[in-house]
Amino acid sequence: MKLEISSGSDSLGIEVSVSGNKGQIRIGGREVDYDCVPLPGGQYSLIIEGRVYDLSVDSDTDVCFVSGRRGSHRFRISDPRRLNPRQSMEEGHAGLQRICAEMPGRVIRLLIGRGDKVVLDQGLLVLEAMKMQNEIRAPKAGIVKEIGVEDGRAVGTGDFLLSIE
Amino acid sequence: MKLEISSGSDSLGIEVSVSGNKGQIRIGGREVDYDCVPLPGGQYSLIIEGRVYDLSVDSDTDVCFVSGRRGSHRFRISDPRRLNPRQSMEEGHAGLQRICAEMPGRVIRLLIGRGDKVVLDQGLLVLEAMKMQNEIRAPKAGIVKEIGVEDGRAVGTGDFLLSIE
Amino acid sequence: MFRKVLIANRGEIAVRIIRACRDLGISPVAVYSEVDRTSLHVRLADEAYLLGPAPSSESYLVVEKIIDAARKSKADAIHPGYGFLSENPRLAAACADAGIPMVGPSAHSMRIMGSKTGARSILLRSGVQLVPGTYRTLNTAEEAAEEARIIGYPVMLKAAAGGGGKGMRLVESEDQLKHEFQNASSEALGAFGDPSVYLEKYIARPRHVEIQVLADRYGNAVYLGERECSIQRRHQKVLEESPSPLMDEDMRCRMGESAMQVLRAAGYENAGTVEFLVDGDRKFYFLEMNTRLQVEHPVTEAVTGVDIVQEQLRIAAGDPLTLRQEDIRLRGWALECRIYAEDPERNFLPSPGVIGRLIEPQGPGVRVDSGVYQGWEVPIHYDPLVAKLVTYGSDRNQAIARMCRAIHEYRVEGIKTNLEFFADLLRDEEFTVGNLSTNFIEEFLGRRGSGVEKSSELFHAHAIAAALAYGERMRAPQSAKPSSMVSGWRLSTHPGGSAPRQGWKR
Amino acid sequence: MFRKVLIANRGEIAVRIIRACRDLGISPVAVYSEVDRTSLHVRLADEAYLLGPAPSSESYLVVEKIIDAARKSKADAIHPGYGFLSENPRLAAACADAGIPMVGPSAHSMRIMGSKTGARSILLRSGVQLVPGTYRTLNTAEEAAEEARIIGYPVMLKAAAGGGGKGMRLVESEDQLKHEFQNASSEALGAFGDPSVYLEKYIARPRHVEIQVLADRYGNAVYLGERECSIQRRHQKVLEESPSPLMDEDMRCRMGESAMQVLRAAGYENAGTVEFLVDGDRKFYFLEMNTRLQVEHPVTEAVTGVDIVQEQLRIAAGDPLTLRQEDIRLRGWALECRIYAEDPERNFLPSPGVIGRLIEPQGPGVRVDSGVYQGWEVPIHYDPLVAKLVTYGSDRNQAIARMCRAIHEYRVEGIKTNLEFFADLLRDEEFTVGNLSTNFIEEFLGRRGSGVEKSSELFHAHAIAAALAYGERMRAPQSAKPSSMVSGWRLSTHPGGSAPRQGWKR
């Protein structure tokens with residue numbers, strides 16, 4: 001099985017002939033011996049040339065998140081044998097910036113109105129979450145195009161707050 | 001749903017009208033309010049009249065093992081609506097006592113032979129497990145009827161060792 | 001001693017108090033809001049009573065509900081923990097009315113110290129050195145601006161009714177003062193039910209050092225050494241230690257004596273903490289007194305060997321204090337890191353959610369006071385404190401090394417935490433030499449490198465794991481996903497390394 | 001200091017040493033047998049090397065394999081832990097040959113003390129009081145019987161080559177001696193690779209008290225107070241404490257000085273333990289010296305504040321000891337319970353298997369040194385020690401109360417443990433007053449009640465849970481069983497309350 005594995009701008013070719021827990025893998029043009037054993041709870045114990053990696057691996061089709069004691073990587077996996085239907089299509093509108101809630105909370109106070117001109121870093125609204133009030137500031141200068149919330153409104157992660165153009 | 005629940009010699013009638021986590025249950029002729037919430041990992045948090053029970057519940061058809069911080073019970077559940085096919089049929093032969101390994105180990109030394117007469121508590125064989133040597137003694141006086149192992153033999157839990165009649 | 005104590009709190013501190021109760025043979029009673037039905041403190045208690053819906057204003061902050069639960073459970077005392085009603089004299093008064101002792105000082109002492117301005121006016125006459133500022137509360141931004149002009153900028157805007165950084169703002173100009181006055185006041189109202197604020201002169205790069213005190217009703221009192229709590233973010237302590245690297249025996253005695261004066265001025269009983277600011281010349285100023293158990297009390301417990309919560313319960317039960325000042329000797333060094341559900345990569349944004357995996361550190365010199373467990377969802381309604389990680393060593397270096405080791409072992413997945421942030425902070429040279437101030441974190445964030453060093457060895461190993469997991473998925477039938485996780489794990493809660501940043505900025 | 005240390009051990013002690021390595025900035029290297037591939041010590045190490053099949057005779061006991069792994073990993077020292085090769089001079093000698101320091105005494109000191117009979121003959125001249133008995137090893141049961149007639153029954157039959165209760169037997173008659181000689185000898189051979197046994201006069205109801213010592217190669221040495229280890233079952237310690245309830249300062253000094261004499265006689269370097277038996281008149285007799293880290297070292301760490309494993313590593317690296325005797329002060333009290341995978345209801349039969357659920361205690365005064373994790377299978381091939389639970393308190397009562405609380409929090413399911421046994425033992429009056437002897441457990445088992453009190457309230461609550469779980473099962477589709485357990489949980493491993501007892505008796 002040949003795979004193309006990438007994380008951010010780094011990319012690697014991997015060729016693995018899977019046969020049980022132990023085997024050889026070709027990575028970045030080099031052969032390495034590995035010993036990879038599943039642990040209870042979706043973790044893996046990987047030993048490569050004596051080095052121990054105690055990893056959590058969570059994968060979903062062509063995305064894989066690997067985390068261990070010394071850091072973590074999110075990989076995108078391309079398998080030439082399979083189609084990779086999902087392509088990155090996360091481009092926003094050129095000039096329009098949508099601001100969404102990154103966590104659940106409650107809107108305490110809107111500091112601007114629709115059509116207001118805002119400068120970079122200007123306070124837009126105050127959101128309370130986990131007993132702390134956080135002021136959401138403008139990521140860029142522009143005009144407030146749309147407002148999706150009002151004072152007192154509870155919001156969930158990803159909920160649309162407002163947009164700036 | 002009416003159930004008959006027993007543990008050892010104790011037995012109780014329970015009538016439960018299940019409707020979500022909270023409800024009323026009739027037990028031993030008394031109505032009690034309960035609040036029972038499943039926890040991650042197969043545990044339950046049960047609150048009855050303010051008292052907290054943090055329980056592990058493992059069940060298999062008509063047998064249920066409940067354990068908490070203050071002790072545990074193994075229950076047998078009879079549901080009049082269902083047949084209870086399994087009936088206790090764990091009676092041994094009157095005079096024959098089969099001795100089985102209660103844990104995995106290795107037979108170090110047989111201390112008796114077939115046909116030997118043994119007295120109560122007499123050493124029968126030495127079993128090593130987890131680096132300790134344990135002498136298995138006769139649970140009753142009698143004649144060694146059959147021997148299923150020899151010196152050096154590895155045994156698993158439940159393996160037949162020998163019988164006394 | 002009490003037979004049964006109701007703990008009017010949640011999270012790690014409720015668990016901490018449950019443990020002290022058990023150690024004294026007391027049956028612990030929990031209370032909970034609807035979202036806390038499966039919280040650890042409920043699971044560990046002998047009894048538990050529902051207070052109401054998730055918002056603390058409808059549950060943990062309702063005095064009447066607490067008293068009702070205490071009556072229902074026949075508890076013979078109430079421990080308020082920290083936060084919530086712990087410094088609210090209304091609870092103390094209601095307890096007194098109900099004939100149920102509260103584990104803490106009298107409503108009277110609370111009122112004196114609870115009003116930071118009141119405390120300042122009383123201590124004016126005591127000889128204890130105070131931070132220059134107002135001795136009364138300010139009603140409007142204009143009034144505040146007027147006083148600030150007299151004191152001189154920068155000034156600190158503070159909630160008169162409480163501590164813990166809530167409603168606190170550093171203000172450098174009149175414009176900013178007018179802008180922040182409302183925020184601080186509304187935050188103070190939300191946190192303490194009282195919008196009053198006052199002003200103090202800002203002391204540049206101060207250190208925050210506090211003295212733990214214990215006093216009984218018979219006039220016996222001791223101080224249990226100091227804690228250095230300079231490492232704060234947004235006026236919230238995040239890392240504390242005892243002793244303070246700044247301190248010598250002489251300064252400890254003088255600060256301890258000042259704390260005793262404050263204690264006497266308040267007619268104080270039970271455990272309390274007298275906070276001081278220390279300026280660049282090692283002069284110290286009274287900041288405030290916290291009339292309750294402090295979050296960071298475990299570092300003092302580690303170096304003194306005294307169980308502060310047990311002492312609280314004994315004092316509240318009327319036992320005389322058996323500790324004498326000469327018995328109190330600090331041995332070794334202790335650190336505490338407050339592990340928060342927050343994302344340091346995104347300006348410490350709170351990160352509630354389900355804890356997918358949890359491995360907590362163990363071994364020599366490590367104490368974990370946790371309020372969570374694997375598979376449990378950290379609710380959005382309360383403080384994001386997941387656990388307190390405390391390490392002890394024979395000296396500061398050993399305590400730091402053990403903290404690094406404990407963090408290395410600690411794994412919290414499904415939510416983001418500040419564990420890696422601490423791992424970096426503990427290696428910072430200014431920290432290791434003990435050169436601290438309340439500006440420490442701000443300065444540290446400035447000089448901190450890119451954080452993660454690129455290791456191609458690690459990248460390769462992780463890529464191999466990803467490839468093997470992929471291969472396993474491809475071979476497995478579609479229904480049987482390889483992840484045999486406990487419930488509630490969601491991939492989406494992972495940090496989106498390559499995910500587009502949304503317009504969230506503070 | 002070393003850069004990389006190989007730990008020639010497994011289980012909790014390997015984990016303990018990994019932690020000490022990390023605290024000193026040393027990279028820890030694990031070794032493992034085939035069944036230990038997923039053991040906790042492998043997961044926590046930086047590197048790990050396979051030794052061989054599960055039997056320790058083919059893995060952890062093979063000197064050459066250990067040395068090979070050390071060479072392969074480029075480790076610059078080897079820590080042997082306890083058990084396995086820790087007291088085997090062959091490892092020490094092989095290390096010396098390979099130029100890799102072993103963390104422990106020289107092969108010479110080991111040989112002196114490793115032969116219990118050799119140690120006895122050397123100390124004959126030292127003035128240290130010895131237990132009467134033979135000074136040479138005995139080759140046959142007949143020879144032993146002859147000596148025993150001189151000493152007078154009862155006598156203790158002991159392995160000349162090792163401690164820890166292996167190959168040890170109390171013998172009350174010549175018949176019994178002849179019967180047990182072979183068993184003891186074969187057990188000694190299995191455990192230490194040497195079948196030699198010798199005899200000591202049996203001291204009635206003795207207490208077992210031992211002194212922890214530290215010595216460097218420059219002649220500096222200290223003793224770190226005592227540990228009382230009287231609570232034993234089948235000559236295996238199960239509960240230890242420090243200090244000893246028996247001890248006063250004068251006796252501590254005298255015993256400490258005796259330990260120093262033993263140390264000097266052996267030309268000893270690194271950490272060691274000098275064991276004494278104490279008779280009813282508080283006279284003490286040298287029993288043996290353990291030339292390695294002791295299982296129960298954490299209780300000494302708790303009361304002295306000294307990290308013994310770190311000191312071991314420093315001494316082995318050639319650092320001079322910086323502790324002086326006058327710095328060593330015992331503060332508070334510490335207890336250790338050895339949590340075994342065993343079934344106290346079935347005469348402490350080992351209970352290996354998969355740990356279905358695991359909740360470990362936390363909080364003030366609690367240290368858990370565990371070698372296991374949830375979902376892992378405790379193998380049958382090694383000691384059934386799951387974890388050491390250590391509590392600390394300002395006095396003995398507080399340490400006991402905290403131990404009770406910790407046990408209350410501790411949950412190990414899937415295998416049987418002795419946790420409940422400890423819960424009962426800690427409430428025993430003879431224990432709480434400190435009236436201990438090595439016969440304690442036997443006597444305790446005799447006077448111990450039926451154990452579980454019948455509580456109809458608990459029975460009802462559990463029955464309700466069973467009924468609700470049954471109802472849930474009936475509603476759920478057949479494929480979706482309500483138990484969302486980690487792998488390997490088997491109902492059959494539960495204690496069969498109503499299951500027929502099999503013919504197992506000892």
Side-chain angles (χ1 to χ4, degrees), chain B residues 1 3 5 7-8 10 12 14 16 18 25 27-28 32 34 36 41-44 46 48 51 53 55-60 63-71 73-77 79 90 92 97-100 102-105 108 121 126 128-137 139 164, chain D residues 56 166 179 182-183 186-187 190-191 234 341-342 346 349-352 356-357 380-384 408-409 411 413 420 452 455-475 482-486 489 491 494-500 502-506:
Chain B
M1 187 176 57
L3 300 173
I5 292 199
S7 176
D10 297 320
L12 267 175
I14 292 192
V16 54
V18 184
I25 199 162
I27 180 164
V32 292
Y34 70 86
C36 187
Q43 295 190 288
Y44 291 87
L46 173 64
I48 298 172
R51 290 204 68 83
Y53 304 89
L55 301 174
S56 297
V57 179
D58 293 278
S59 51
D60 184 14
V63 171
C64 186
F65 185 78
V66 180
S67 69
R69 296 186 192 285
R70 289 156 59 212
H73 287 96
R74 175 186 285 264
F75 295 104
R76 192 164 283 277
I77 300 174
D79 184 348
E90 289 148 341
Q97 182 133 19
R98 286 165 57 85
I99 297 167
C100 298
E102 290 213 343
M103 48 166 313
I108 295 289
D121 253 10
V126 181
E128 185 179 80
M130 288 180 131
K131 309 310 285 174
M132 291 297 281
Q133 298 193 357
N134 302 291
E135 198 173 82
I136 313 302
R137 291 171 192 263
I164 296 173
Chain D
S56 45
K166 271 146 194 163
H179 179 77
Q182 264 311 318
N183 286 346
S186 119
E187 207 173 292
R234 301 176 91 195
E342 65 182 18
R346 298 191 195 181
L349 200 67
S351 172
R357 291 191 193 99
I380 63 163
H381 309 84
Y382 314 107
D383 261 14
H408 182 84
E409 287 183 28
R411 291 176 80 159
E413 299 179 16
E420 277 182 44
V452 187
S455 150
S456 77
E457 163 248 323
L458 195 66
F459 180 69
H460 282 201
H462 286 187
I464 288 172
L468 294 171
Y470 180 83
E472 200 179 308
R473 278 182 75 84
M474 289 304 107
R475 279 196 316 284
S483 167
S484 58
M485 279 301 300
V486 290
W489 175 266
L491 187 64
H494 278 304
S498 58
Q502 287 166 313
W504 185 285
K505 215 175 156 190
R506 285 180 303 192

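These numbers come from the heavy atoms of this one structure, side chains and all, not from hydrogens, waters or symmetry mates. Reminder, nothing fancy here: chain letters follow the sequence lines and each chain counts from 1.
- D:R473 contributes atom CZ, which lies 12.5 Å from atom CG of B:D79 (distance to the nearest 0.5 angstrom).
- Note that CG of B:L3 and OH of D:Y470 are 6.0 Å apart. Values are rounded to the nearest 0.5 Å.
- Here the closest non-hydrogen pair linking D:G471 and B:M1 is CA-CE, 3.5 Å.
- Partners of D:Q182 under the side-chain contact (heavy atoms from CB on, under 4.5 Å) rule, at least two apart in sequence or in another chain, do not exist in this structure.
- When all heavy atoms are compared, the tightest approach of D:A465 to B:V57 is CB-CG2, 4.2 Å.
- Ring geometry for D:H462 against B:H73 counts as perpendicular: the plane angle is over 60°, on a 0 to 90° scale with 30° as the lower cut.
- Interface residue B:L55: backbone and side-chain heavy atoms are both found under 4.5 Å from chain D.
- Between the OG atom in B:S59 and the CG atom in D:L468 there is a gap of 11.5 Å [rounded to 0.5 Å].
- Between D:A461 and B:L46, the closest heavy-atom pair is O-CD2, 3.4 Å.
- The distance from atom OH of B:Y44 to atom CD of D:E472, rounded to the nearest 0.5 Å, is 3.5 Å.
- In this structure, B:I14 and D:A467 approach most closely via the heavy-atom pair CG2-CB, 3.8 Å.
- Here B:Y53 contributes atom OH and D:E457 contributes atom CD; the two are 3.5 Å apart, rounded to the nearest 0.5 Å.
- Counting all heavy atoms, side chain and backbone alike, D:R357 lies closest to B:S56 at NH1-CB, 2.9 Å.
- Here B:I25 contributes atom CD1 and D:H460 contributes atom NE2; the two are 11.0 Å apart, rounded to the nearest 0.5 Å.
- Note on D:H408, D:E409, D:R411: by heavy-atom pairs under 4.5 Å with chain B, the leading option is D:R411.
- Closest of all the heavy-atom pairs between B:F75 and D:A466 is CD1-CB, 3.7 Å.
- Note: B:I5 leads B:V32, B:V126, B:I5 in heavy-atom pairs under 4.5 Å with chain D.
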